[in-house]
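Presented below is the structure to which this report refers.
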Amino acid sequence: MNYRLWEIQFAGSPKILWSGVKPSAEQLATADQLGIQVSPDDTFATVASAILERVGNAVGCPPRAVTDRQRELANELEIDVTDCAFSWSAFVRIKEAIQLSNLETVRRMELKPGDIVVKVEDPSERRLKEILGERWESFAGDFPREFEVASIREDGQVFFKDDKGKSPARYLRKRLTP
């Protein structure tokens, strides 16, 4: 799979498309000029977030503190964001962990178009279940569980046939054929 660089949405937070590439020479030079400690072994996204955190105020994207939701996600993914001073760094670390988890799931299941998958309960479904409480049972049957894979995007997002949506690979299990 090819790694694509990530884009920065200057009106808000960075949006990672791919974070598996190494930083560019220009990034490393800019970080050095700004006195930011980075390594050529860091990812493009990690170095970009460090630079954004330093210059954010100057370009209209002031750094924000790590959010409770980011801490919750990091805990779910079993990654540490306690050393992240700002939300951009935590965001990058979380997105990288999500992408790696999705890609590992695709590889482990040897997932391909035409496979039948079963969707397991994901965090948004769990939150909905918590909110609805006892009423959840009346809605639970409305959520389809089995899908046929139409395609798999480079980041591990799985799309289903017949416009039945998509899901990150980590919330899917391959149905065993009898």
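Between the CZ atom in F44 and the NZ atom in K22 there is a gap of 13.0 Å [rounded to 0.5 Å]. The distance from the CG atom of L28 to the CD1 atom of I51 is 8.0 Å, given to the nearest 0.5 Å. To the nearest 0.5 angstrom, E104 atom CD is 14.5 Å from Q99 atom CD. Atoms CD and CG, from Q27 and D32 in turn, are 13.0 Å apart once rounded to the nearest 0.5 Å.
Taking 4.5 Å as the limit, some side-chain heavy atom of V66 sits within range of a side-chain heavy atom of R71. Residues D155 and N102 have side chains not in contact (no heavy-atom distance under 4.5 Å, counting atoms from C-beta outward). At a threshold of 4.5 Å between non-hydrogen side-chain atoms, the residues T105 and L172 do not count as touching. Contact annotation: the side chain of I116 approaches that of E146 to within less than 4.5 Å [non-hydrogen atoms, C-beta and beyond]. Considering only heavy atoms from C-beta on, V158 stays 4.5 Å or farther from P168 through its side chain. Looking at heavy atoms from C-beta onward, F86 lies out of side-chain contact with R64 at the 4.5 angstrom threshold.
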Let me see the working for F147 and K119 under side-chain contact (heavy atoms from CB on, under 4.5 Å), right down to the final yes or no. CA-CA 8 Å; F147 302 93; K119 189 171 183 187; 4.0 Å; yes
Where do V92 and E96 land on the side-chain contact (heavy atoms from CB on, under 4.5 Å) test, with the steps shown first? CA-CA 6 Å; V92 166; E96 287 177 342; 3.8 Å; yes
For C61 and W88: C-alpha separation, side-chain torsions, deciding distance, then whether side-chain contact (heavy atoms from CB on, under 4.5 Å) applies. CA-CA 10 Å; C61 292; W88 287 331; 3.6 Å; yes
Between I98 and R170, is a side-chain contact (heavy atoms from CB on, under 4.5 Å) present by the stated rule, with each step listed? CA-CA 8 Å; I98 287 170; R170 68 187 183 282; 3.1 Å; yes
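Residue I152 is not grouped with residue V118 when hydrophobic side chains (ILVMFWY) are merged at heavy-atom distances under 4.5 angstrom, including chains of intermediate members.
Among all heavy-atom pairs drawn from I36 and A50, the shortest one is CD1-O, 3.7 Å. The shortest heavy-atom contact between L103 and E154 is CD2-O, 3.3 Å. For P113 against S151, the heavy-atom pair with the smallest separation is CG-CA, 4.3 Å. K174 and E110 make their closest contact through NZ-O, 3.5 Å (heavy atoms, listed as atom of the first residue, atom of the second, distance). The two atoms that bring L34 and V55 nearest to each other are CD1-CG1, 3.9 Å, heavy atoms only. Across all non-hydrogen atoms, the minimal contact from Q157 to S167 is OE1-C, 2.7 Å.
A donor and an acceptor atom, one from each side chain of S87 and Q70, are nowhere located under 3.5 Å apart.
At least one donor-acceptor pair under 3.5 Å links the side chain of E53 to the backbone N or O of S89. The backbone N or O of A97 sits nowhere less than 3.5 Å from a side-chain atom of S101 that would complete a donor-acceptor pair.
At a threshold of 4.0 Å, the pair R93-D83 counts as salt-bridged, since one of the basic side-chain nitrogens sits closer than that to a carboxylate oxygen.
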